[in-house]
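Encoded as structure tokens, the structure appears first; notes follow it.
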Amino acid sequence: MTEVRAAGDREDRVAVGLVQINNSFSGQNYLPYSIALLQTYVQQKSPDPGRYRFLPALYKRIRISDAVNALLGADIVGFSTYVWNGRISLEIARRLKASKPGIMIVFGGPHVPDQPEAFLRANRQIDLAVHNEGERTFLKLLEAFPDREAWRGLPGVSFIAADGSFVRNPNIDRVRDLDEIPSPFLEGAFDEIMAANQHESWIGLWETNRGCPFRCTFCDWGSATAGKVTKFGEERLFREVDWFAQKKIEYIFCCDANFGIQKRDVDIANYVAETKRKTGYPVALSVQNTKNATERAYLTQKILSDAGLNKGVALSMQSVDMTTLEAIKRDNISLDTYMELQRRFTKDKVETYSDLILGLPGETYESFVKGVDQLIENGQHNRIQFNNLSILPNAEMGDAAYQAKYGMVTVESKIINIHGERVELDDDVPEVQDLVVATAAMPKADWRRTRTFCWMTALLHFDKLFQIPLIMAHGISGISYRDMIEAFMAADPARFPMIAEINAFFEKEAQSIQNGGAEYVFSKEYLGIYWPADEYIFVKLTADGKFDAFYAEAGRLLAETVKQKSSNLPMDIIDEAIRLNHALVHQPFAKTDLKVRLRYDLLDYWQKVRAGEEALLRESPLVVEIDRTSKPYDDFQKWCREIVWWGNKKGAYLYSPRAAAVTPELAGHY
């Protein structure tokens with residue numbers, strides 16, 4: 001009798017392990033999209049898909065020994081790597097190779113250097129590196145397995161040969177029709193992992209296109225894709241949105257470099273918005289805006305905002321200094337586009353936040369601070385995110401000659417997520433980045449001063465602790481935002497001890513970063529997470545009950561600054577602005593509502609400035625009613641989480657005020 005062997009029992013089956021370790025975010029984990037693309041492509045395109053047995057994917061940080069044990073049954077293991085998982089991937093691969101020398105280790109992803117000889121010689125646990133798009137190459141590799149001689153004919157790979165020579169084959173042509181790559185969502189690639197981990201709350205990674213026509217030197221996106229933008233089919237994308245809704249995926253991160261660059265992106269945004277309206281999912285869709293395409297950028301983001309799919313529109317300028325923009329090859333991206341979008345979204349009451357990068361080549365303290373002042377002047381009163389520059393290995397900026405040209409000084413620093421927890425596994429390796437902490441144009445002392453300026457600006461203006469007085473003083477007297485913020489940085493410790501202490505704290509944190517310390521401030525007392533330094537001060541002032549003292553000092557300091565810079569601002573206006581701002585800042589344990597009586601209609605003036613409208617200050621008595629008790633916070637940790645942390649992007653740190661009519665009997669009390 002002839003024995004019939006089932007396909008699943010084939011002796012020649014190749015066991016394939018795939019690893020894409022992502023960071024957890026607020027208890028959620030990313031679906032491992034990159035490796036799912038590889039698996040689905042092999043299963044759909046292989047002439048003999050039954051030859052391969054895929055092990056359960058590794059998708060989050062676990063103990064290294066546990067990861068190794070999970071992969072010991074594999075014949076070949078592929079790692080998808082980037083800055084957040086580079087070191088743990090190398091260590092898993094090292095131990096795996098030591099335990100099972102015959103196993104084949106393949107590394108791919110943006111963290112593999114384009115010119116990888118030194119990298120491969122330093123990490124001999126890696127048998128083969130795959131460059132750029134990996135779907136076609138990975139299939140060719142599996143089809144050739146275990147024939148090492150076939151590697152020399154594989155496009156887009158590099159390796160150290162048996163004789164010790166280095167081989168780097170030319171990259172494979174990019175996939176022009178992306179629908180050649182099956183959808184891992186629609187083909188069920190995540191069904192097994194989701195069924196096996198039903199406790200997980202998943203975040204979806206989603207591509208609608210690939211490629212970037214821009215070549216910013218700090219980014220590895222454009223350099224990796226050679227400019228041409230390729231697209232997935234629209235109907236496929238709609239079905240993937242349906243999948244997200246069916247699986248109740250709340251948060252989707254769109255991996256496109258420039259969402260809105262295609263005309264059809266308006267239709268895609270509309271479809272996601274309509275799906276949310278019908279099903280409640282997805283709750284949020286995060287996208288990177290396109291550059292230069294003002295109208296489509298506006299339309300797509302307006303659609304997402306109206307549907308409640310975003311928490312604010314990102315306007316990623318990075319710098320507003322032309323010398324810097326030329327150095328980082330962004331001079332072909334119109335600043336006018338960003339400025340117009342900011343004004344337009346503001347008038348439509350759509351919150352925006354701007355991105356600036358600290359430490360870019362050519363940027364000086366003066367040019368950076370001038371740029372911040374310009375953005376606020378243009379109407380950015382919600383949030384500027386001040387990001388520290390880090391070096392990516394495949395970005396042009398990663399080249400040693402480029403760094404030498406601009407005198408860039410770097411320091412190795414642990415990668416810490418904003419508002420992230422301190423995860424300390426007993427068997428782990430920290431991920432690190434190369435932070436730029438000085439350049440020829442911005443020496444170390446200037447970098448620290450600039451970093452301090454960023455935090456002070458965030459605390460006073462974007463955390464809203466002192467925004468109303470700053471806006472009033474600027475609008476009426478013409479004193480610049482920059483001058484007022486720098487006055488706080490120069491506060492005399494003898495006369496303004498609290499503000500000087502805050503400034504000294506910021507300076508100490510900036511010095512710590514330059515010495516390789518964390519970018520954020522860890523607090524065991526406040527949620528056990530890493531806070532931006534400005535938010536940490538906001539929380540600490542609240543916890544220590546020092547808000548009254550802070551406003552007393554800040555008021556005196558601003559009054560002196562205004563007198564030095566301008567003589568045409570009545571000080572009673574400043575006093576009223578400070579009283580109003582103080583009352584509006586959201587605080588825990590509030591037991592009473594407030595009424596603030598004003599001689600001037602500061603509320604109307606402030607709200608019109610924030611809305612990008614013409615504002616005129618009127619002497620018109622009013623009472624501002626502040627509801628602090630209908631949604632009270634009697635749990636300090638809950639207040640930290642929901643108001644300060646979750647309010648970060650939207651700057652939602654103030655109560656909603658209501659102007660009430662002034663009765664005749666009250667009119668004489670002003």
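Since this is a predicted model, take the numbers as computed values, not measurements.
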Which distance, rounded to the nearest 0.5 Å, do you find between the CG of D191 and the NZ of K247?
-> 5.0 Å
Pairing residues for S80 by the side-chain contact (heavy atoms from CB on, under 4.5 Å) criterion, not counting sequence neighbours = Q20, S34, I35
S65 side chain to D427 side chain, donor-acceptor N/O pair below 3.5 angstrom | yes
What residues form a side-chain hydrogen bond (donor to acceptor under 3.5 Å, both in side chains) with Y633, not counting sequence neighbours?
-> E642
State whether E351 and R610 are salt-bridged, where the test is any N-O pair (Lys NZ or Arg NE/NH1/NH2 against Asp/Glu carboxylate O) under 4.0 Å.
-> yes
Decide whether D220 and Y82 meet the rule of one side-chain donor and one side-chain acceptor closer than 3.5 Å.
-> yes
Would you say the side chain of T275 lies within less than 4.5 Å of the side chain of V272, judging by non-hydrogen atoms?
-> no
Answer yes if the side chains of Y526 and E535 hold a donor-acceptor pair under 3.5 Å, and no otherwise.
-> no
Do S46 and R51 come within less than 4.5 Å of each other through their side chains, counting heavy atoms only?
-> no
Listed by chain and number, what are the ring-ring contact (aromatic ring centres under 6.0 Å, His included) partners of H419, not counting sequence neighbours?
-> W531, W645
State, yes or no, whether a side-chain contact exists between E250 and Y281 at a heavy-atom distance under 4.5 Å.
-> yes
Test Y59 against every option in N29, N22, N197 by the side chain to side chain donor-acceptor pair (under 3.5 Å) rule and name the one that passes.
-> N197
Answer whether the closest heavy-atom distance between the side chains of T208 and F232 falls below 4.5 Å.
-> no
Ignoring hydrogens and angles, state whether a donor on the side chain of E340 or Y298 is under 3.5 Å from an acceptor on the partner side chain.
-> no
Between Q380 and S354: side-chain donor-acceptor atoms closer than 3.5 Å = yes
Side-chain donor/acceptor of Q342 to backbone N/O of L375, under 3.5 Å = yes
Taking only residues two or more places apart in sequence, or in another chain, which ones meet Y655 in a ring-ring contact (aromatic ring centres under 6.0 Å, His included)?
-> H586
Name all residues meeting the salt bridge (Lys or Arg N to Asp or Glu O under 4.0 Å) criterion together with R61; count only those two or more places apart in sequence or in a different chain, and write none if there are none.
-> D428, E431
side-chain hydrogen bond (donor to acceptor under 3.5 Å, both in side chains) with Y520: which residues, sequence neighbours excluded?
-> none
Would you say the side chain of W206 lies within less than 4.5 Å of the side chain of F185, judging by non-hydrogen atoms?
-> yes
Could you tell me which residues satisfy side-chain hydrogen bond (donor to acceptor under 3.5 Å, both in side chains) with S413, sequence neighbours excluded, listed by chain and number?
-> none
Compute whether any side-chain donor of one residue and acceptor of the other, for Q262 and E234, lie under 3.5 angstrom apart.
-> no
For H381, check ring-ring contact (aromatic ring centres under 6.0 Å, His included) against everything at least two apart and list the hits.
-> H461
Contact list for residues 104-113, test salt bridge (Lys or Arg N to Asp or Glu O under 4.0 Å), sequence neighbours left out | none
Test side-chain contact (heavy atoms from CB on, under 4.5 Å) applied to A518 - qualifying residues, sequence neighbours left out = I416, Y530
Considering residues at least two apart in sequence or located in another chain, which fulfil the ring-ring contact (aromatic ring centres under 6.0 Å, His included) criterion with F238?
-> Y271
Measure centre to centre between the rings of W84 and Y30, then say whether the value is under 6.0 Å.
-> no
Report yes if the distance between the aromatic ring centroids of W202 and Y33 is under 6.0 Å, otherwise no.
-> no
Short N-O contact, K302 and E295, less than 4.0 angstrom = no
F218 versus I328: any side-chain heavy-atom pair under 4.5 Å?
-> yes
Pairs touching residues 131-143 that satisfy salt bridge (Lys or Arg N to Asp or Glu O under 4.0 Å), sequence neighbours left out | E133-R210, E135-R210, R136-E180
